[in-house]
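What follows is a short report on a single structure.
Per chain, numbering begins at 1; letters A, B, ... match sequence-line order.
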Amino acid sequence: MISPGDVGGDPLTEEIVELTGLLRRVVGRRVRDREAVDDIVQETLARLLAARTRLDGRAIGPYAIVTARNLVKSQWQRADVGKRHEHRLADTRDPVRPDEPLLEQEEAEAIRIALDRLAPRERDVLVAHVVEGRDTGSLADDLASTPGAVAAQLGRSRAKLRVEYILALEGEPPTRQCRPVLLSLSAGDRRRQGELDAGYHLLDCDFCASMSEPLFDRRAKATADEVRIPVTVDADVVVARQRGREVAVQAGFSATEATVIATAISEISRNIVRFARRGEVTVTILTDDGASGVLVVAQDAGPGIPDIDLALQEGHTTYGGLGLGLPGSRRLMDEFEISSEVGRGTTVTMTKWHRR
Amino acid sequence: MLMSVPDDRRSDEEESVDEHRMLPELVAHLRQHRTELREDWARRIEASHLLHAMTPQEIGSETSSVYDNYVEVLETGSVDALQRYARDLSERIIPRGVETDEVVGIVLLLRDVLARSLFQKYQDDFALLNRVLDAYEPAANRIANTVAVSFVEERERIIREQQDAIRELSTPVLQVRERLLILPIIGVLDAQRATQLTDQLLRGIRIHRAKVVVVDITGVADIDTSVANHLVKTVDASRLMGASVIITGLSSDIAQTLVRIGVDLSKMNTIGDLQGGIEEAERQLGFRVIRPEQG
Amino acid sequence: MFVSILQQGDFLIASIHAALDDSELMRFQKDVMAEIANHRAKGVIIDVAALDVLDSFGSWSLRNLVHMARLRGATTVIVGIQPEVAFSIVELGMELDVTTALDLENGLEYLESVTTGHRAGKSMLGVLGSHDT
């Protein structure tokens, strides 16, 4: 429970706590059950505290009302208030339904549309970073910029992509004011929120009121089906393969298949420790047209591999082992790709699909 | 802090407040007339020839439960309990041949029975009736949807389970004596079944603490190269677990496939027929084989 | 501790109790070799039942350990490879040319059969019963 005594002296936090009375009145007019009112008010306060660094001071009050109203609505639509923590961990949609594949198709289409709406330069940089795994440093070199500026631009591009994605799914907003307001909320740009009087707009515009929720709620979703393991020392290899196995089991693989995947992860993580000293392994659940699988990406900024064909040859060994690391992982997985640039680093991308 | 709330918000607010006032009234009405409404519903089910696989007593007790769950959803707004009940009900009635349209049918009947009774109660005040129905209809549709989806999901789960069971049966692992397993394989050995064969064989070795396994493929006409590869891998994996594999009943077609993919057949322990394979297995286990006909 | 090395008559039983990383595996290899020398062991059982994965490095170290032990006069048997792990080793393309047994009991039985004239371990065989009927 959040009570005024729990929180420190941050003025914005105090302001949020002072909203408690207002929220009680707003929620109380819609919900009769006193306990439910308390729950919704607490939940609203928790969400406000989480979002406070992203909001303009004047937007706090209106955002509080909008959030509370959304919570009241969702209470009647689907969720028991008692289960609110549960549904924040899981997917907020209803359990799997027959129309699920169609929805996924719509989502893929929405992502395509959203990407199209980015400026070509923005899109290229975002894709290079997220899909191809280029780091901000090497992107900055290409663009004659600094890593910090590239990171800031990536942040803005992501914020924009989120808004465009939601608009592609929900349709065009009712007023010209909507898009800039949603952008400023998504980017957490408080100055811009102030200029646009985003708070007032949220109260006035039902469309933006319902959209503001997913824009703030995205963090929990992004991490659910993906794990990232930094790899620097021997022990990390064990952690990487154990976490990878968990993800594989979660994706529906049998114990045998999950062990096969864990073995491949072990091989490529070891290569990072041996040759690059520092890197990262990402394991992600994939779904495509009813099939499921895992995507493993191992990335490092090490010395790179001068001759990839040679490295993929069985028995080619650099440290007196069996030379089975790369060719072995290729055999274990369904898809295997390696890209490397001498002096810049290596990225191994591999996929395994789950056969039903 | 100054909160300016535009005037057009009011109507929306009023509406939702209204809905929250209507539902409790609705629930009270449905509780009060539970017996007659439930009986009316059961009669209609019978008249529509739904659930004919069930006895009137069974229909009576299930309709009571569905009715109470239904009212509970209207009261709490949560479908969790209904969902659990619907799954449980589906599990019980699916084996008896109840079809999806029957389940959807009875829920829609209940929706109509209740709507009709509301209509009767409020028919003198048309505006009020409209508001009651506005509150009732979305909830009723959601209930129908929940029950139908639960039923279909439950049925799919049962079908999946049955398929798995059939697959397990198609590659039995037989323990003929301590530490000796036999896997007779009959029919088409495709990639999926080969994977399953591996899983069952390796798990069987562990469970039965087997030292020798005889895989009899007399009943398999031909295999493609990927399945042949898989078979070889399975033999190697069994050896790593400490068990040796004897393959019997190798047809000349399969032998050719194995040679074509470069399997060194001298490394594979292959024996002509199952009888010979079992004798070889017993010899490896240290049993003496006595052939009565040879004295 | 993640590993243990126990003496059983002329044999050593070296067990791995949790997933090991590469450096721990190398240390294990060294420790087993040292114990073989200390006890002048005739046979070694390596129990890997707790290993979640045996990748190319893991298999390669075990194989090396077996070969080095042989040079020191000790026969080695690897026991407890899990079904999934066994399949992954094969799928990876490893040719693990070592003797394996299902579990500790079978491993001891094997060592008994190959190291003749051995006394101390014999008592254990009693519980196995004889197969020579």
CD of C:Glu84 to CG of B:Leu202, rounded to nearest 0.5 Å, is 8.5 Å
dist C:Thr100:OG1 -> B:Leu240:CG (nearest 0.5 Å) comes out at 6.0 Å
Greater than 12 external heavy atoms within 6.0 Å of C:Glu95's CD: no
More than 12 non-hydrogen atoms from neighbouring residues, nucleotides or ligands closer than 6.0 Å to CZ on B:Arg96, yes or no?
yes
C:Asp22 meets the salt bridge (charged side-chain N to carboxylate O under 4.0 Å, His left out) criterion, sequence neighbours left out, with A:Arg270, A:Arg274
For B:Glu102, the salt bridge (charged side-chain N to carboxylate O under 4.0 Å, His left out) test, sequence neighbours excluded, returns none
The interface call for B:Ile205 against chain C, heavy-atom contacts under 4.5 Å, is both
* To do: Tell me, yes or no, whether the heavy-atom count around C:Arg72 atom CZ, taken from other residues, nucleotides or ligands under 6.0 Å, exceeds 12.
  => no
Turns out that what part of C:Val98 lies under 4.5 Å from chain B's heavy atoms comes down to backbone
Within residues 229-239 of chain B, contacts to chain C at heavy-atom distances under 4.5 Å involve B:His230, B:Lys233, B:Asp236, B:Ala237, B:Arg239
Taken in chain and number order and not counting sequence neighbours, the residues that satisfy salt bridge (charged side-chain N to carboxylate O under 4.0 Å, His left out) with C:Asp97 are C:Arg63
Task: Ion pair check, B:Lys211 and C:Glu109, cut-off under 4.0 Å - done: yes
Discussion item. Between B:Met241 and C:Gln82, is there a side-chain heavy-atom distance shorter than 4.5 Å?
Written reply: no
dist C:Phe87:CZ -> B:Thr195:OG1 (nearest 0.5 Å) comes out at 7.0 Å
Assert top hit (heavy-atom pairs under 4.5 Å, partner chain B, pool C:Ala86, C:Gly107, C:Ser88) equals C:Ala86
Closest non-hydrogen atoms of C:Gly80 and B:Arg206, given as atom of the first, atom of the second and distance, are CA-NH2, 4.0 Å
